[in-house]
Amino acid sequence: MTATGDTPKRLRRLLKRREFLRAARGSRAGRAGFSLQAIAGAAEVPGLGFTVTRKTGNSPERSRIKRRLRAASEACSSQFRPHHDYVLIGRREALTVPFEALVEGLSGAIARVHAGKAQSQRPPGNRNETQ
RNA sequence: CCAGUUGACCGGGCGGCCGCUCCGCUCAGGCGGGGAGGAAAGUCCGGGCUCCAUCGAAAUACGGUGCCGGAUAACGUCCGGCGGGGGCGACCCCAGGGAAAGUGCCACAGAAAGCAAACCGCCCGGCUCCGGCCGGGCAAGGGUGAAAGGGUGCGGUAAGAGCGCACCGCGGCCCCGGCAACGGGGACGGCAGGGUAAACCCCACCGGGAGCAAGACCAAAUAGGGAUGACGCGGGUUUAGGCCCGGCCGGUUUUCGAGGCCAGUCAUCCGGGUUGGUUGCAUGAGGGCGCCGGCAACGGCGUUCCCAGAUGAAUGGUCGCCACGUCGAGGAAACUCGGCCCUACAGAACCCGGCUUACAGGUCAACUGGCGUC
RNA sequence: GCGGGUGUAGCUCAGGGGUAGAGCAUAACCUUGCCAAGGUUAGGGUCGUGAGUUCGAAUCUCAUCGCCCGCU
């Protein structure tokens, strides 16, 4: 799991509850199949975490959602910026959405998240429902 | 051919490209190989394994199991029987020990719900104001109820009654078959003992507790905790415990002393938290095939195979072809074309044996009933 | 991995073998000039589901489903 020097595209995987909670305070963007959260962090290597709640489905469905999202994030791994942490929250639609649409959505969501961060910090109480 | 019963099984296949994880080899570039299930699930039982407790066991309490025999490491599982119930049948279902050890409960209805009793009644005698009343006998009939003290019939009687008899049931006894549960038969008894133990309970048998986040080890870094004991210093004496002498007295409890507490020193013992890694960890009550024993569960022997090991948790993404299913169109049909689903239930986490539950679609075998033909 | 609780009227809960109840809510009526409060009455239940024991099950037993909560 350690990122070696010759593979710089390798991402750091977020593991701890604290890291997920921190990312939840950042800006977010929703797309079909997932919701993306991003926040600036100290580490140079960008971090990425996946989470799918119990309510989404049973075990094979949750597992499959994570796999498809993981494959999609491999496809656009170069777009993740250094000094940032990302969390992908899986939704049920991730089971059925075509894979190209998933990759496209993720690419757009990353751009959207950084654009939203540039304009202002998230004001408290304002639900950021961007769809 | 139709309907059904039981058992067993499959639960997409092949191939590109890009990835993930483990193992082996490596000339360090890579190469080769393995990679979810029948339920991996629920966690309802039984074990292995590890630690804790205990001299070893037994008992109490609590919990579980409950016809008999067998299988098994063990089981609440499985197999074969027995008994009861259901089905025309193949076959299916049953927590199926004990109610003469004791206690409790049996609503409503009913006279009466557990020990015998008598509401309407029936019979005999007496009295009568002719409505009935009193005394005695009876439990067959009526009525209530889920259940009313063996059932049916005949005899018997004032009316009746196991009062007597026959058959059936019941009870213990004897004989026979069976390892046994149990079954068959015989003579006897003369009915006593309603139901409920998934009510308490009694009897027999089983169970120490916790769980791989068990447990063992390594490294780093940080903090230095708790308990107990001794202790101011020097000298003398004694084997030692101790005793004696001198000077000095950490803080606090008003002062001194004793004692206590706190702080300090030393010794012994015990221990916490954080992060990462290794191990446990995959050769096992293991799978396939064949032969033998057994009705079977299963066992024995031979041979062969190595078959997932992740730790925010791998086994994926995508494309093509084929197969299956389904829908639509064409066709007399075989079939052709196009679309859809490109699949059900569901994802290993120490391992194994079961149970239970979920499951689109499909395959095979044996058997049963019915119809048709020969 | 281990363990516990709960499911009854629209909501919150009683009932632990013998005809399913309370409060709030709903509806109608009374009261008031009107509303609220108050009063009277009514309706509303597969007792989570399926088997079993029993004469009889919301209650006892077994299986199953959903929800909630602990410990590690």
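We name chains A, B, ... by the order of the sequence lines, and we start the count at 1 in each one.
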Within the distance-only criterion (no hydrogens, no angle test), does the side chain of Y86(A) pair as donor or acceptor with the backbone N or O of R81(A) below 3.5 angstrom?
yes

For the C1' atoms, the ones on C321(B) and on G33(B), what distance do you get once it is rounded to whole angstrom?
27 Å

Residues that E61(A) engages under salt bridge (charged side-chain N to carboxylate O under 4.0 Å, His left out), provided they are two or more places apart
R92(A)

Specify the separation, in whole Å, of atom CZ of R70(A) and atom P of G312(B).
12 Å

Does G209(B) count as syn, meaning its glycosidic angle lies within 90° of 0, or as anti?
anti

Gap in Å between the two P atoms, one belonging to G21(C) and one to U41(C), rounded
16 Å

Measure the CZ-CD1 distance between R31(A) and I110(A) for me, rounded to the nearest 0.5 Å.
10.5 Å

Could you give the CZ-to-P distance, from R68(A) to C18(B), as a whole number of Å?
21 Å

Can you tell me how far apart CZ (R68(A)) and CG (L95(A)) are? Round to the nearest 0.5 Å.
7.5 Å

Point-to-point distance, once rounded to the nearest 0.5 Å, from OG of S27(A) to CZ of R112(A):
9.5 Å

Nearest-nucleotide comparison on RNA chain B, the residue closer to the 5′ end among A71(A) and V52(A)
V52(A)

Taking atom P of A313(B) as reference, at what distance in whole Å does atom CG of L48(A) sit?
10 Å

Only one of L48(A), L36(A), T51(A) forms a side chain to side chain contact (heavy atoms under 4.5 Å, CB included) with V87(A), so which one is it?
T51(A)

Syn/anti state of G56(B) by chi, 90° boundary around 0
anti

Whole Å only: how far is the NZ atom of K66(A) from the P atom of A313(B)?
7 Å

Range-with-range stems of RNA chain C (Watson-Crick or G-U pairs under 3.5 Å, three or more in a row)
C:1-7 with C:65-71, C:10-13 with C:21-24, C:26-30 with C:38-42, C:48-52 with C:60-64

Residue matched to C88(B) through Watson-Crick or wobble contacts both under 3.5 angstrom
none

G193(B) -> Watson-Crick or G-U wobble partner, both distances under 3.5 Å, gives none

Separation of F50(A) atom CZ from U311(B) atom C1', in whole Å?
17 Å

Classify every nucleotide of nucleotides 345-351 of chain B by which part a protein heavy atom approaches to under 4.0 Å, writing B for the base, S for the sugar-phosphate alone and - for neither, in 5'-to-3' order.
-BBS---

With both distances under 3.5 Å as the test, what is the Watson-Crick or G-U wobble partner of A8(B)?
U363(B)

How far, in whole Å, is C108(B) from G56(C) if one measures between their C1' atoms?
12 Å

Pairing check on U255(B): which nucleotide meets the Watson-Crick or G-U wobble criteria with it, both distances under 3.5 Å?
none

Considering only atom C1', compute the distance from A36(B) to C13(C) and round it to an integer number of Å.
47 Å

Using purine N1 to pyrimidine N3 plus N6-O4 or O6-N4 for Watson-Crick, or N1-O2 and O6-N3 for G-U wobble, both under 3.5 Å, which nucleotide pairs with C167(B)?
G151(B)

With syn defined as a glycosidic angle within 90° of 0 and anti as the rest, where does G131(B) land?
syn

When rounded to the nearest Å, what value does the distance between C1' atoms of A109(B) and U12(C) take?
39 Å

Would you check if there is a donor-acceptor pair between the side chains of S107(A) and Q79(A) at a distance under 3.5 Å?
yes

Shortest non-hydrogen contact from F50(A) toward S73(A):
CZ-OG, 3.7 Å

Quick one: classify the glycosidic conformation of G38(B) as syn or anti, with syn meaning within 90° of 0.
syn

R28(A) (side chain) donor-acceptor with S35(A) (main chain) under 3.5 angstrom
no

Rounded to whole angstrom, note down the C1' distance from G235(B) over to U252(B).
33 Å

Here the distance between atom C1' of U318(B) and atom CD of E100(A), to the nearest Å, is 8 Å

Validation row: R62(A), S59(A) side chains within 4.5 angstrom (heavy atoms):
yes

Taken to the nearest whole Å, CD/E74(A) to C1'/G19(B) is 7 Å

What distance, rounded to whole Å, do you find between the two C1' atoms, one in G42(B) and one in C179(B)?
42 Å

Can you check A36(B) for me, syn or anti if syn means within 90° of 0?
syn

Hey, does the side chain of R91(A) reach the backbone of I65(A) with a donor-acceptor pair shorter than 3.5 angstrom?
no

Pick the C1' atom in A366(B) and in G347(B), then give their distance to the nearest Å.
37 Å

With a 3.5 Å limit on both atom pairs, tell me what C205(B) is paired to, counting Watson-Crick and G-U wobble, or say none.
G64(B)

Do the side chains of L106(A) and L102(A) get nearer than 4.5 Å, heavy atoms only?
no

For G211(B), which nucleotide in any strand shown is its Watson-Crick or wobble partner with both distances under 3.5 Å?
C49(B)

Taking pairing as Watson-Crick or G-U wobble with both contacts under 3.5 Å, can you name the mate of G102(B), or confirm there isn't one?
C200(B)

Could you tell me how far apart R62(A) (CZ) and G316(B) (C1') are, to the nearest whole angstrom?
18 Å

